[in-house]
Amino acid sequence: MDKKGPVIVIENNQGDHKIFVEIFSELGFSNEILYFNSGDEVHDYVTKKGIKPFLIFLDIVLLHMNSDKLSKVTYKNLDKIFNCPCLFFTTFFEQCFVIDAYSDPIKSYFVKPYNYYKFNNVINTIIEYW
C-alpha cells in the first residue's frame, strides 16, 4: 500500500460520483483522486500506468451485476490485483454483501449515509484511519 498513491473511486451513478467529488474537494487531501465507472476500467488504467493505489472506494453493487463479458475484477480478487485496502460501500444493506466484504481482511464495508455531512465525516474518518 502506497500512502501517497491515488485514492480510487469506482462509482457509475453520476449523482453519487458528484458527491464524492465535492467531499474530496472539501476535505482537501493531498492524494490524487481518480474516478472510474467499473473495476475493469481501473484494472486497465492501473496496469497501464503502473500505479499503486492508496485506497479504493467501490460501490459493491457494481461487483454483483451480471454482464455479457467476464469481468477481470471481482470482489474476490480486488485486493490481490491492487494490493491496497478496498472499501465497499452501498446505499442499502444486504447481508450477503457484508459477508463477502469481510471474508478478506483487506476489505471493509460501509453503508453510505444519506446525509451529506455524515457522509463527509465517514470519508474523512476512513482516510484518517488508513
Side-chain angles (χ1 to χ4, degrees):
M1 174 173 71
D2 180 1
K3 291 192 177 202
K4 294 181 182 177
V7 173
I8 293 176
V9 178
I10 306 171
E11 173 60 73
N12 67 347
N13 179 294
Q14 291 306 309
D16 291 343
H17 175 103
K18 182 180 175 186
I19 291 170
F20 269 104
V21 170
E22 289 175 15
I23 288 173
F24 279 114
S25 177
E26 266 183 38
L27 294 175
F29 292 110
S30 61
N31 299 65
E32 180 181 17
I33 313 298
L34 301 173
Y35 298 93
F36 298 92
N37 289 319
S38 74
D40 284 339
E41 285 181 18
V42 174
H43 178 270
D44 294 344
Y45 184 84
V46 167
T47 303
K48 182 177 161 186
K49 300 276 187 178
I51 292 172
K52 295 185 181 191
F54 168 45
L55 291 173
I56 295 176
F57 290 91
L58 168 65
D59 187 343
I60 197 165
V61 174
L62 292 176
L63 290 179
H64 287 269
M65 292 173 66
N66 292 327
S67 172
D68 292 341
K69 72 173 197 162
L70 182 62
S71 178
K72 294 177 240 171
V73 181
T74 69
Y75 70 88
K76 293 183 187 285
N77 68 4
L78 193 64
D79 58 327
K80 292 169 186 66
I81 291 173
F82 299 116
N83 195 29
C84 71
C86 301
L87 303 152
F88 295 120
F89 66 88
T90 189
T91 52
F92 60 95
F93 177 84
E94 284 289 331
Q95 188 170 0
C96 68
F97 293 168
V98 176
I99 291 168
D100 288 344
Y102 283 111
S103 66
D104 192 320
I106 203 164
K107 298 175 195 140
S108 292
Y109 176 89
F110 67 96
V111 176
K112 187 170 37 171
Y114 286 100
N115 178 294
Y116 178 85
Y117 298 102
K118 287 181 182 177
F119 190 32
N120 186 309
N121 189 40
V122 166
I123 297 296
N124 188 47
T125 302
I126 288 169
I127 298 288
E128 294 291 323
Y129 172 79
W130 289 103

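Residues: numbered from 1 along the sequence shown.
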Aromatic ring proximity Tyr35/Phe20, centre distance under 6.0 Å:
no

Under the side-chain contact (heavy atoms from CB on, under 4.5 Å) test, residues paired with Lys118 that sit two or more places apart:
Pro113, Asn115

Report the residues that fulfil side-chain contact (heavy atoms from CB on, under 4.5 Å) with Lys48, sequence neighbours left out, ordered by chain and then residue number.
none

N/O donor to acceptor pairs below 3.5 angstrom from side-chain atoms of residues 122-129, sequence neighbours left out:
unit_1: Thr125; atom_1: OG1; unit_2: Asn121; atom_2: O; d: 2.8

Identify the two heavy atoms, one from [X] and one from [Y], that lie closest to each other, and give their separation to 0.1 Å.
{"X": "Cys84", "Y": "Pro53", "result": "CB-O, 3.4 Å"}
{"X": "Val46", "Y": "Ile8", "result": "CG2-CD1, 3.9 Å"}
{"X": "Asn31", "Y": "Lys4", "result": "ND2-C, 3.7 Å"}
{"X": "Gly5", "Y": "Phe54", "result": "O-CB, 3.4 Å"}
{"X": "Glu11", "Y": "His17", "result": "CG-N, 3.8 Å"}

Run the numbers on Leu58 and Val42 for side-chain contact (heavy atoms from CB on, under 4.5 Å), then give the verdict.
CA-CA 11 Å; Leu58 168 65; Val42 174; over 6 Å; no

First locate atom CD1 of Ile23, then atom OH of Tyr117, and finally report the distance between them rounded to the nearest 0.5 Å.
10.5 Å

Between Asn37 and Gln14, does a side-chain contact (heavy atoms from CB on, under 4.5 Å) hold up when you go through it step by step?
CA-CA 9 Å; Asn37 289 319; Gln14 291 306 309; 4.1 Å; yes

Side chains of Tyr45 and Lys49: closer than 4.5 Å at any heavy-atom pair?
yes

State whether the side chain of Ser25 and the backbone N or O of Val21 hold a donor-acceptor pair below 3.5 Å, judged by distance alone.
no

Residues in ring-ring contact (aromatic ring centres under 6.0 Å, His included) with Phe29, at least two apart?
none

Any residue meeting side chain to side chain donor-acceptor pair (under 3.5 Å) with Tyr116, in chain and number order, not counting sequence neighbours:
Glu26

